[in-house]
Q: 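Quick one: the structure is below, questions incoming.
Naming: A, B, ... by sequence-line order, numbering from 1 per chain. This one's a predicted model, so the numbers in the text were calculated from it and none came from an experiment.
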Amino acid sequence: MNKILVSDIINLDNNNYILDIKTSKLIINNKGNNKVFIINNNIIEDLIINMDDYSTLNIYIYNICINNNLLVNINQNNNSDINYNMAFINNSNNKLIINNDLNGNNNKSNINIRNISNKDEMVIKINVNIAQNTFNNIALEDLKGICNGGIVHIEPNIDTLSNEVMANHLTTIGAINKDELNYLLSKGISINKAKKILLKGFIFSNMDDYIKDNYGGEIDE
Amino acid sequence: MFALKNYNLYINDRILFENLNLNINPGEIHVLMGKNGVGKSSIAKSIMGDANYTVKGSIIYNNEDITNLSIDERSRKGIYLLNQSPMAIEGVTNASMLRTALGEREKNVDIFKLNKELLEVCEKLELDKSFIHKDINVGASGGERKKIELMHLWILKPTFIILDEIDSGLDVDALKIVGKSLKEYYELYHPSILIITHSNTLINNFDLYHVHLLDNKKIIKSGGKELAHDILTKGFKDLDNSSTFVIRKNNNYE
């Protein structure tokens, strides 16, 4: 996969993309079936994703040290499917806000977030809005944060004006799981390495193999 | 040799065992039996160094007092706990965990040798090879989880193994495979083994073992195979619960 330099607008059409974004605002128009990677980008602040009808998007946003606020607006009309996966570590006060509007029928929205807060506070607000008189929409939120010296604040919102929707949200915030830590210690792994393994496992748990294989070393360092 | 000497075990200031003594010589198999809630699993966890428990007295392994060692130090000394419900860890594969765990024990880990060994162990355990590169116990059934833990055991090669009710929840076929694998490991490496169980299906794989019955915060009876048989046929109620210790002489009980 080659990096594509983008500014302002990109039209995706049945491919895999690594986006090298040089502007603070980007519009993604999604047509067909696409996979997109945005890696270690601290320039973008405003991302708009427009899903064409009958299109699918698997997007992976990975940032080992986020230091910007990000506002994401996802627009879905009919028969579209988005898997929005984001994993990041923050060392400063930052905000992530995602607004996902499902305006029509037969859409699927699956938002997976993993955040490790090393310092200060990370605020994560996810708002999925399902319009009135729509049917067969699926809205899923899986939002997890680990406080590793910093604070994680998560607001998982699903607002639905339709009765015919399947919606589910899961949110967890906590420290490193003690039982998981003890398990690794019981295999003879020292405490610092065990913590690092768990944090790495957590941050990559919703990421594609491409990111695990190419950026796993960054976390080790 | 492994020993509990004047061992007192507490959880939240509640005493579970008082002045308990147990010696396990190299290559010996000992079985702990007792009613539910008597504290068998607590002994297993405390030997492994679980911080939820307080130990007064000593835990000795290979002539060293390990009572105050951390969990990972105990593991690297050769102690391995396989419990009844192994946990799942998302994002950490069996292969990467084992590579790191071996790296803590050896300077250079031979990745090719490790991979070959993992494939052989999977075959032996009738475990799908895909588990090697899957997250630890994620998406695995109860039986598969125990086989995965056995896979870890075969790679890490412990010298003192604690099996905490690993026979619970296993179907007949899985029990046979697990029992066979443990027997094979025992015959190859002669580790000391401490088994906690409520049935004889696992212990029947071994020819010689020592049985201890726990109750009232202590070992109330010790014996050989016949004690296990008595417990399993008569139940705990009908046993003569005299508090007299049975003395062991050359692997025979009086």
Q: Does atom OH of Y54(A) have more than 12 heavy-atom neighbours, drawn from other residues, nucleotides or ligands, at distances under 6.0 Å?
A: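 Open: at most 12 neighbouring heavy atoms sit under 6.0 Å from OH of Y54(A).
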Q: Could you tell me which portion of F204(A) (side chain, backbone, both or neither) has an atom closer than 4.5 angstrom to a non-hydrogen atom of chain B?
A: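 Nothing of F204(A), per the 4.5 Å heavy-atom cut-off to chain B.
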Q: Using non-hydrogen atoms only, which part of K193(A) is less than 4.5 Å away from chain B: side chain, backbone, both, or neither?
A: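 Just the side chain, heavy atoms under 4.5 Å.
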Q: Within residues 113-130 of chain B, which residues come under 4.5 Å of chain A, heavy atom to heavy atom?
A: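 None at all.
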Q: For L140(A), does its backbone N or O pair with a side-chain atom of N168(A) as donor and acceptor, under 3.5 Å?
A: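 Checking the backbone N and O of L140(A) against the side chain of N168(A), no donor-acceptor pair under 3.5 Å is found.
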Q: Taking the side chain as every heavy atom from C-beta outward, state whether I113(A) and F88(A) have any pair of such atoms under 4.5 Å apart.
A: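 Sidechains of F88(A) and I113(A): in contact.
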Q: Answer with side chain, backbone, both or neither: which region of I203(A) has an atom nearer than 4.5 Å to a non-hydrogen atom of chain B?
A: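 Answer is neither: I203(A) stays 4.5 Å or more from chain B.
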Q: Answer yes or no: are there more than 12 heavy-atom neighbours, outside N14(A) itself, under 6.0 Å from its atom CG?
A: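 Above 12, so yes.
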Q: Does atom NZ of K195(A) have more than 12 heavy-atom neighbours, drawn from other residues, nucleotides or ligands, at distances under 6.0 Å?
A: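 Atom NZ in K195(A) is not packed in, count stays at 12 or less.
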Q: For a 4.5 angstrom cut-off between non-hydrogen side-chain atoms, does N157(A) reach I126(A)?
A: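 In short, these two side chains do not touch, never coming nearer than 4.5 Å.
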Q: Side chain, backbone, both or neither: which part of A88(B) has a heavy atom under 4.5 Å from chain A?
A: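 When you check distances to chain A, only backbone atoms of A88(B) fall under 4.5 Å.
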Q: Has K180(B) got more than 12 heavy atoms of other residues, nucleotides or ligands less than 6.0 Å from its NZ?
A: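 At most 12 heavy atoms, drawn from other residues, nucleotides or ligands, come within 6.0 Å of this atom.
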Q: Using heavy-atom distances under 4.5 Å, tell me whether L156(B) contacts chain A through its side chain, its backbone, both, or neither.
A: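 Contact with chain A: side chain only.
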Q: Rounded to the nearest 0.5 Å, what separation is found between the CG atom of L19(A) and the CG atom of N41(A)?
A: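 Interatomic distance, L19(A) CG to N41(A) CG, rounded to 0.5 Å: 9.0 Å.
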Q: Write out, in numerical order, the residues from residues 134-154 of chain B with a heavy atom short of 4.5 Å from a heavy atom in chain A.
A: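 Listed by number, the contacting residues are I136(B), N137(B), E149(B), H152(B).
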Q: Indicate yes or no: at least one non-hydrogen side-chain atom of I11(B) is less than 4.5 angstrom from one of T54(B).
A: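 In short, these two side chains do not touch, never coming nearer than 4.5 Å.
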Q: Between K35(A) and Y17(A), is NZ or CZ placed under 6.0 angstrom from the six-membered ring centre and within 45° of the ring axis?
A: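 Pair K35(A)/Y17(A) does not count as cation-pi.
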Q: Taking it one step at a time, do K187(A) and D72(B) satisfy salt bridge (Lys or Arg N to Asp or Glu O under 4.0 Å)?
A: CA-CA 7 Å; K187(A) 305 291 181 188; D72(B) 55 312; over 6 Å; no
Q: Inspect the surroundings of CG in N63(B) and state if more than 12 heavy atoms from other residues, nucleotides or ligands are less than 6.0 Å away.
A: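 No - once you tally the heavy atoms of other residues, nucleotides and ligands closer than 6.0 Å, there are 12 at most.
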Q: Take the angle between the ring planes of Y186(B) and F206(B) and call it parallel below 30°, perpendicular above 60°, tilted in between.
A: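 Because their plane-to-plane angle is over 60°, the rings of Y186(B) and F206(B) count as perpendicular.
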Q: Is chain A contacted by the side chain of M97(B), its backbone, both, or neither, given a heavy-atom distance below 4.5 Å?
A: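 Contact with chain A: backbone and side chain both.
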Q: Please determine, among R74(B), R76(B), K77(B), the option with the most heavy-atom pairs under 4.5 Å with chain A.
A: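 So the answer, after comparing R74(B), R76(B), K77(B), is R76(B).
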